[in-house]
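Step one of this worksheet: look at the structure below.
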There are 2 protein chains.
Amino acid sequence: MFNTGNEVEETKAERTRRRVYDAAMTLFREQGFDQTTMRDISQAAGMALGTAYYHFPSKEAIIAAYYEAIQYQHHAYVVDHLPGIKSPQERLRMIFRSKIELLQGDRKLIGVIFRYTGDPLHPLSLLGEGTRDLQQQTVETIGLALRGERFSREVAELLPMALWSLHMGTLLYLLYDTSEQQTRTYALIDQSLALTTQLLGVVRQPLLSPVVLPILRQVSGLLDAAQINLTLPKT
Amino acid sequence: MFNTGNEVEETKAERTRRRVYDAAMTLFREQGFDQTTMRDISQAAGMALGTAYYHFPSKEAIIAAYYEAIQYQHHAYVVDHLPGIKSPQERLRMIFRSKIELLQGDRKLIGVIFRYTGDPLHPLSLLGEGTRDLQQQTVETIGLALRGERFSREVAELLPMALWSLHMGTLLYLLYDTSEQQTRTYALIDQSLALTTQLLGVVRQPLLSPVVLPILRQVSGLLDAAQINLTLPKT
DNA sequence: GTCTATACGTGGATAGAC
DNA sequence: GTCTATCCACGTATAGAC
């Protein structure tokens, strides 16, 4: 709680750790993740190879720290900018777009997230245990857009994961988007959210509920049976 | 066309190539892809390291050959078993399930496909140029289920990619499915296809077209703008 | 063109001395 | 906490046998 003075000692290690991190991020952005070696990083940070490994057990650990930082920054940005916006669609738009803005300069880096998805046991697997917290936080950040909105039970159950999936989809798209300033990614977000709003409108129509409700329930049942919850398939 | 006798010489190299491939696959299945080294493979195949590299430029090239083989086998199986089945849903069921059956023993291997998805330029990226042919063939194999069926223009445009996505989703799910005999994956397929059929039924209802058509068109417009076609985002 | 033997460079990760 | 030295695996020669 208090500053007990041992902060100085802590800071010593933390400062070195940050030197590693900063050097790594600079090189990652310049050359890409794979092209950057731990030797490059330690050299750029002006230390021995072993020192860098002392602070980060692996190159992947540096990327993991980056993802946490991004999520933290994004959440802070969202919390900061949310009050000015009323409509849920506009809120979602702000949330989705700001995430892209945050990542736009790091397109060479974000591909690395997807690399471990096929390996359920890997700590960085997007769908695995290791990233559960980060995933949960992302869902929560997105969920801020819907605060105060009222949905039927069925929709409330499905919407967070649907939006999370959409969010991951936009990140994947960003990777492949070679358009200037990634304008296509922003356009995709806008159109996807317009579609989402349209679908939510349909779902809310009482007249259509004989058609809509069975479908929603079937989706829910499917996800339940597959044990896909917010955190996705269990391992 | 004819067997001109030079088949023997071809066979010599091809047989060695197959020895490499077989040894590699055995080891991949036993130990996993990453745990198997090219030295293991060449040793198991009873040859020098250089020989293995002579036939496959990298370990990944062996996996690439595996994916081609799987797609070929699956297509052959589907063509063989399709005539006995009438309903599109049952056809799709057969197609999706047989793919899982084909891969079931190789769960340690299929994760490798997803590894390069975050790297647009990598030849094995699922969404990249390098796998376009394979992807196209998969779409075609799945499309065999719909032969002779009539859909509206809007649906015909969207369905192949939707089914391809569903197919990739089931593969990803298979990876994470620790249930006995992967029963959950099979259940997921059945339920997803039931849902698909249900949705197609709704879409076909003329009474609902004022609601459904705008949505479909919006989806189409979105995919067009994003330049997502059958082969997915351009690089 | 196919295969062997062997050695080399690089990069991730670790062990152990200080 | 930091450094030096070392390990291990991938991939790449290369020189030569057939």
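A note on names: the letters A, B, ... follow the listed sequences, proteins ahead of strands, and every chain is numbered from 1. What you are looking at is a predicted structure, and each value in this text was computed from that prediction instead of being measured.
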List in numerical order all residues of [range] for which some heavy atom is under 4.0 Å away from an atom belonging to DNA chain C.
{"range": "residues 54-62 of chain B", "answer": "Y54(B), H55(B)"}
{"range": "residues 107-115 of chain A", "answer": "none"}
{"range": "residues 28-37 of chain B", "answer": "none"}

Which nucleotide in [options] has an atom nearest any side-chain atom of [X]:
{"X": "L49(A)", "options": "dT14(C), dT2(D), dT2(C)", "value": "dT14(C)"}
{"X": "Y53(B)", "options": "dC10(D), dC3(D), dT4(C)", "value": "dC10(D)"}
{"X": "M47(A)", "options": "dG1(D), dG11(D), dC3(D)", "value": "dC3(D)"}
{"X": "T16(B)", "options": "dC3(C), dT4(C), dG11(D)", "value": "dC3(C)"}

Practice task
Kindly compute the distance separating CD (E101(B)) from CD (Q182(B)), expressed to the nearest 0.5 Å.
Solution key: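 Rounded to the nearest 0.5 Å, the CD-CD separation comes to 11.5 Å.
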
Completion exercise
Distance col, row I113(B):CD1 vs T131(B):OG1, nearest 0.5 angstrom, shows 10.0 Å

Problem - Any donor-acceptor N or O pair under 3.5 Å, side chains H74(B), S98(B) - result: yes

Handout entry: Side chains of H75(B) and E140(B), donor plus acceptor under 3.5 Å
Key = no

Handout entry: Pair R17(B) + D22(B), salt bridge at N-O below 4.0 Å
Key = no

Practice task
Answer yes when R97(A) and D190(A) have at least one side-chain N-carboxylate O distance shorter than 4.0 Å, and no when they do not.
Solution key: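 Yes.
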
To the nearest Å, how far apart are [X] [atom1] and [N] [atom2]?
{"X": "R19(B)", "N": "dT2(C)", "atom1": "CZ", "atom2": "C1'", "answer": "11 Å"}
{"X": "R15(A)", "N": "dT2(D)", "atom1": "CZ", "atom2": "P", "answer": "10 Å"}
{"X": "Q43(A)", "N": "dT10(C)", "atom1": "CD", "atom2": "P", "answer": "13 Å"}
{"X": "M38(A)", "N": "dT14(C)", "atom1": "CE", "atom2": "P", "answer": "10 Å"}
{"X": "I41(B)", "N": "dG11(D)", "atom1": "CD1", "atom2": "C1'", "answer": "13 Å"}

Handout entry: Donor-acceptor under 3.5 Å (R39(A) side chain, L49(A) main chain)
Key =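 Not at all, since once roles are kept as given, no pair shorter than 3.5 Å links the two residues.
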
Practice task
Specify the closest pair of heavy atoms between Q31(B) and D40(B), including all atoms of both residues, with the distance to one decimal.
Solution key: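 Smallest heavy-atom distance, with atoms named: OE1-OD2, 4.0 Å.
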
Problem - Heavy-atom donor-acceptor pair, R39(B) side-chain to dG11(D) base, under 3.5 Å - result: yes

